[in-house]
Protein chains: 2
Amino acid sequence: MTRVLVVDDDPQIVRALVINLKARTYEVDAAHDGATALRLAAARHPDVVVLDLGLPDMDGVEVIRGLRGWTRVPILVLSARHSSDEKVAALDAGADDYVTKPFGVDELLARLRAAVRRAEPAHGEGDVIVDTGEFTVDLAAKKVDRRGKDVRLTPTEWHLLEVLVRNSGRLVGQKQLLQEVWGPSYGTETNYLRVYMAQLRRKLEADPSHPKHFITEPGMGYRFEK
Amino acid sequence: MTRVLVVDDDPQIVRALVINLKARTYEVDAAHDGATALRLAAARHPDVVVLDLGLPDMDGVEVIRGLRGWTRVPILVLSARHSSDEKVAALDAGADDYVTKPFGVDELLARLRAAVRRAEPAHGEGDVIVDTGEFTVDLAAKKVDRRGKDVRLTPTEWHLLEVLVRNSGRLVGQKQLLQEVWGPSYGTETNYLRVYMAQLRRKLEADPSHPKHFITEPGMGYRFEK
DNA sequence: GCACACTTTGACGGAACCCTGACGCTGCCG
DNA sequence: CGGCAGCGTCAGGGTTCCGTCAAAGTGTGC
């Protein structure tokens, strides 16, 4: 579960945030001043910090620096100040986002989700991979794995696979497929498709003559299914 | 250098941003519609994308999805819409930040710095030393060790090795390789690659004619594998 | 101005890849 | 039942791409 540390000296705001976050099954800690915030952060290791800049005991930017001294936890700053200098100072001190009061709860939550999401450990070096159970496709690394072994694809095969995977689950018309892989003037050379789909299936499908992932939609196009 | 992709259909805004960014020594690409944006992102691998939502050819959220299909590059959304729903939709589609027009340039740049900063590999966390069993590469010290002995590399050889190792496991396109090592105008001099890959293999591979770590992907590029 | 190391360039054999045409199969319709 | 259209399969030939080598160019330090 995601743990949030809410820091604000206004009990109303803290209360509202805590209720909203708990309702969405976040785990919430709250602090009313900077010293408590730093202590709680160290003790509880939150996944994200929501920090009001107007604290009674210390400057908000100092809290950010205190946190950044030892952690890269996402910090989402709340502030009543609209001044550009304030924002720049907070962001350059290490904050991840800056929301001015009054704020919409929906927006705040969306920004919080974004902050948490990007802090998640990336697969490998930060790549999105598609897994079918039989093989995996790593689009950024241009890598296909099948039972632990790398599958070698030619440029055309890869390009075709790429277009299909990017439209995973959706039907891709043969004209679109041809034009994206071979170029705008190749919209009718459907035999290319037949040849290369066969190669992809031979290299990736467990039973190439009964494909489970590269589906033919007769007369229309092809579809990639996990 | 940090590379930024600016996407906006308003030439004024693009111009203003490009000037501001270049003055701060960012490298800037610009696109005025979604299709161009996606193509440029794939071709140039920017470190951060500044994306206006109101594009002429496609919905901005679709551009975000198109990018998120294969990359985690930070996306900073610009928009004239203040509606909370718009923000939530963009952020949940995978955007990292959302700035409403009109925006302060200082604030935008600060948010951009924040986005780039947190995308950087963690300090001291990233493995500076890569070990293949046959040889080790120390990126920080710029040293290569093979069976206890230092391997002497020329500047170009090192530069090439560095790019490959930084993308360990991933395929690096020959154009990208050429442009990163020799400069933006050398994107087609593939014979350089052939010569220098051969030298790297001769110096580092146990059996240079059957490379295990510097893999050729014909027609696409090269890949470094531990 | 010479020696040395590095980069660039050109040429060539061989490997990998892409296109192409032919054929068989299936399902549909006349 | 026969013809037709769409799809899958296969193999050969032309073309592109890669590894290798050698030699010419470039720059730097002595």
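Fair warning: this is a prediction, and the values are worked out from it, not measured in the lab. Order of the sequence lines fixes the chain letters, A, B, ..., with proteins taken first and strands second; residue numbering starts at 1 for each chain. These values consider heavy atoms only, across backbone and side chains, with no hydrogens, waters or symmetry-generated copies.
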Next on the checklist: Mind checking if A:Glu157 touches a base, just sugar-phosphate, or nothing, with heavy atoms under 4.0 Å?
Outcome noted: nothing
Checklist entry - Among the nucleotides D:dG19, C:dC17, D:dT9, which one has an atom lying closest to any side-chain atom of B:Pro218? => result C:dC17
Next on the checklist: Measure CZ/A:Arg223 against P/D:dC7 and give the value in whole Å, please.
Outcome noted: 15 Å
Checklist entry - Any side-chain N or O of B:Thr154 under 4.0 Å from OP1/OP2 of C:dT7? => result yes
Item to check | Distance in angstrom units between A:Glu217 CD and D:dC7 P, rounded | outcome: 11 Å
Item to check | Among A:Val99, A:Val4, A:Val49, A:Asp96, the one residue meeting side chain to side chain contact (heavy atoms under 4.5 Å, CB included) with A:Leu76 | outcome: A:Val99
Checklist entry - Does D:dT9 have OP1 or OP2 sitting under 4.0 Å from an N or O in the side chain of A:Gln199? => result no
Next on the checklist: For B:Ser209 and B:Asp207, which I'm curious about, is there any donor-acceptor pair between the side chains at under 3.5 Å?
Outcome noted: yes
Could you list all N or O pairs between the protein and nucleotides 9-13 of chain C that sit under 3.5 Å apart?
unit_1, atom_1, unit_2, atom_2, d
C:dT9, OP2, B:Tyr192, OH, 2.2

Checklist entry - Quick one: does A:Glu86's side chain have a donor or acceptor within less than 3.5 Å of a partner on A:Ser83's backbone? => result no
Checklist entry - Atom OG1 in A:Thr71, atom NE2 in A:His45: separation rounded to 0.5 Å? => result 7.0 Å
Checklist outcome for this item: Checking C:dC19, D:dG8, C:dC18 against the side chain of A:Trp182 (C-beta onward), the nearest is C:dC19
Item to check | Whole-Å distance separating the CG atom of B:Leu160 from the C1' atom of C:dT7 | outcome: 14 Å
Checklist entry - How long is the line joining CD1 of B:Ile215 and C1' of D:dG19, in whole Å? => result 15 Å
Next on the checklist: Can you measure A:Leu153 atom CG to C:dA16 atom C1' for me and round it to whole angstrom units?
Outcome noted: 14 Å
Checklist entry - Is the shortest side-chain N/O distance from A:Thr216 to OP1 or OP2 of D:dG8 below 4.0 Å? => result yes
Item to check | Rounded interatomic separation in angstrom, taking OH from B:Tyr196 and P from C:dC6 | outcome: 9 Å
Item to check | Over 12 foreign heavy atoms within 6.0 Å of OH, B:Tyr186 | outcome: no
Next on the checklist: Both B:Thr156 and B:Gly219 contact DNA chain C. Which one's nearest nucleotide lies toward the 5' end?
Outcome noted: B:Thr156
Next on the checklist: Once you apply a heavy-atom cut-off of 4.0 Å, does B:Arg152 come out as touching a base, just sugar-phosphate, or nothing?
Outcome noted: sugar-phosphate
Checklist outcome for this item: In whole angstroms, the gap separating C1' of D:dG19 from NZ of B:Lys203 amounts to 17 Å
Next on the checklist: If you apply the rule salt bridge (charged side-chain N to carboxylate O under 4.0 Å, His left out), what do you find for A:Lys142 with B:Glu217, and how did you get there?
Outcome noted: CA-CA 10 Å; A:Lys142 288 212 191 329; B:Glu217 300 280 3; over 6 Å; no
Checklist entry - Tell me: CG of B:Leu193 to C1' of C:dT7, nearest whole Å? => result 14 Å
Next on the checklist: Quick check on side-chain hydrogen bond (donor to acceptor under 3.5 Å, both in side chains): which of B:His32, B:Arg15, B:Lys101 does B:Asp8 satisfy it with?
Outcome noted: B:Lys101
Checklist entry - Contact class for A:Tyr222 vs. all strands (heavy atom < 4.0 Å): base, sugar-phosphate, or nothing? => result sugar-phosphate
